[in-house]
Amino acid sequence: MNGSPVIRCNARNERWEPRPPICVAGNRYNSPTCYALDAPINGRKLGICSEGAVAGSVCSFDCRVGYVLSGQTSLVCQVDGRWDSEPPQCHALSDRNSDGTCSRLPVPFRGNMTGDCNPGIQGRRCSFYCYPGYVLVGYKTLYCTVDGWSSNVPTCRGEIKQC
């Protein structure tokens with residue numbers, strides 16, 4: 001931010017004093033930058049994931065066929081030079097167990113789950129929620145079907161902290 005964080009309206013000339021501040025995108029010269037992120041084993045990374053990523057940069061992840069992502073699908077570089085979450089991992093997908101139940105689900109980082117989740121029971125559901133200050137990204141409820149879970153596990157994302 002360039003300028004004063006506090007301004008007042010001058011009643012005599014009806015102008016803001018001092019002038020309103022301006023938000024400026026961070027760069028390597030005036031704000032911290034984020035470290036490089038690696039692709040998860042059996043996965044890949046997309047977007048701005050390299051050393052020197054500035055606030056607001058997004059690095060996304062996905063997994064090879066036969067693997068499921070555990071963690072955030074995208075990380076955002078914060079103004080303090082840290083990513084908003086831990087990098088995700090790719091785990092082998094085995095949706096159905098030999099007894100007809102669905103596989104165990106990972107608990108989302110910064111959240112939790114309730115219901116018939118571990119293992120899933122055919123016809124039942126598993127619901128997810130995030131801790132205060134985080135927003136659920138993905139389906140709130142997954143269903144255990146004859147083919148396995150109805151979707152991937154959702155993630156919990158925090159807000160970008162910028163001016």
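Keep in mind that this is a model prediction, so the values were computed, not measured.
- Here Ser150 contributes atom OG and Leu142 contributes atom CG; the two are 4.5 Å apart, rounded to the nearest 0.5 Å.
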query: Under the side-chain contact (heavy atoms from CB on, under 4.5 Å) criterion, do Val58 and Ser74 qualify, and how do the steps go?
result: CA-CA 7 Å; Val58 178; Ser74 296; 3.9 Å; yes
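- Contact detail for Ser57 and Val54: the closest heavy-atom pair is OG-O, 2.7 Å.
- Looking at heavy atoms from C-beta onward, Tyr129 lies in side-chain contact with Thr114 at the 4.5 angstrom threshold.
- Side-chain N or O atoms of Tyr35 include none that pairs as donor or acceptor with a backbone N or O of Glu51 at under 3.5 Å.
- For Asp84 (side chain) and Val76 (main-chain N/O), a donor-acceptor pair under 3.5 Å exists by modelled atom type.
- Taking every heavy atom of both residues into account, Pro40 and Pro88 meet most closely at CB-O, 3.7 Å.
- In this structure, Tyr143 is not a member of the same hydrophobic cluster as Trp149, with clusters built from ILVMFWY side-chain heavy atoms closer than 4.5 Å.
- One finds the SG atom of Cys63 at 11.0 Å from the CD1 atom of Ile41 (value rounded to the nearest 0.5 Å).
- Of the possible donor and acceptor atoms, none in the side chain of Trp83 sits under 3.5 Å from a partner among the backbone N and O of Gln78.
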field: Phe128 and Asn112: CA distance, side-chain angles, deciding distance, side-chain contact (heavy atoms from CB on, under 4.5 Å) verdict
entry: CA-CA 6 Å; Phe128 298 85; Asn112 213 335; over 6 Å; no
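- Residue Asn42 comes nearest to Cys90 through the heavy atom pair O-SG, 3.7 Å, listed as atom of the first residue, atom of the second, then distance.
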- request: Would you sort out whether Met113 and Leu105 count as a side-chain contact (heavy atoms from CB on, under 4.5 Å), showing the intermediate values?
  value: CA-CA 9 Å; Met113 57 191 179; Leu105 294 172; 4.3 Å; yes
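- Annotation: the span from Asn152 atom CG to Thr73 atom OG1 amounts to 9.5 Å, rounded to 0.5 Å.
- Under the 2.5 Å SG-SG cutoff, Cys117 and Cys126 qualify as a close cysteine pair.
- Here OH of Tyr134 is found 4.0 Å from CZ of Arg110. Values are rounded to the nearest 0.5 Å.
- Cysteines Cys59 and Cys77 keep their SG atoms at least 2.5 Å away from one another.
- Within a 6.0 Å radius of CG in Leu46, other residues, nucleotides and ligands contribute more than 12 heavy atoms.
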task: Go through the steps to decide whether Leu75 and Glu86 satisfy the test side-chain contact (heavy atoms from CB on, under 4.5 Å), and finish with yes or no.
output: CA-CA 8 Å; Leu75 303 185; Glu86 294 297 315; over 6 Å; no
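- Here the closest heavy-atom approach between residue Val79 and residue Ala55 is recorded as CG1-CB, 3.6 Å.
- Distance check, rounded to the nearest 0.5 Å: CG of Asp62 to NZ of Lys45 gives 13.0 Å.
- Atom CZ of Phe109 sits in a crowded spot, with more than 12 heavy atoms from other residues, nucleotides or ligands closer than 6.0 Å.
- Here the straight-line distance linking atom CZ of Phe61 with atom CG of Asp38 works out to 8.5 Å at 0.5 Å rounding.
- With a 4.5 Å cut-off on side-chain heavy atoms, Cys102 and Pro119 do not count as touching.
- Listed by chain and number, the residues in a side-chain hydrogen bond (donor to acceptor under 3.5 Å, both in side chains) with Ser151 amount to none (sequence neighbours excluded).
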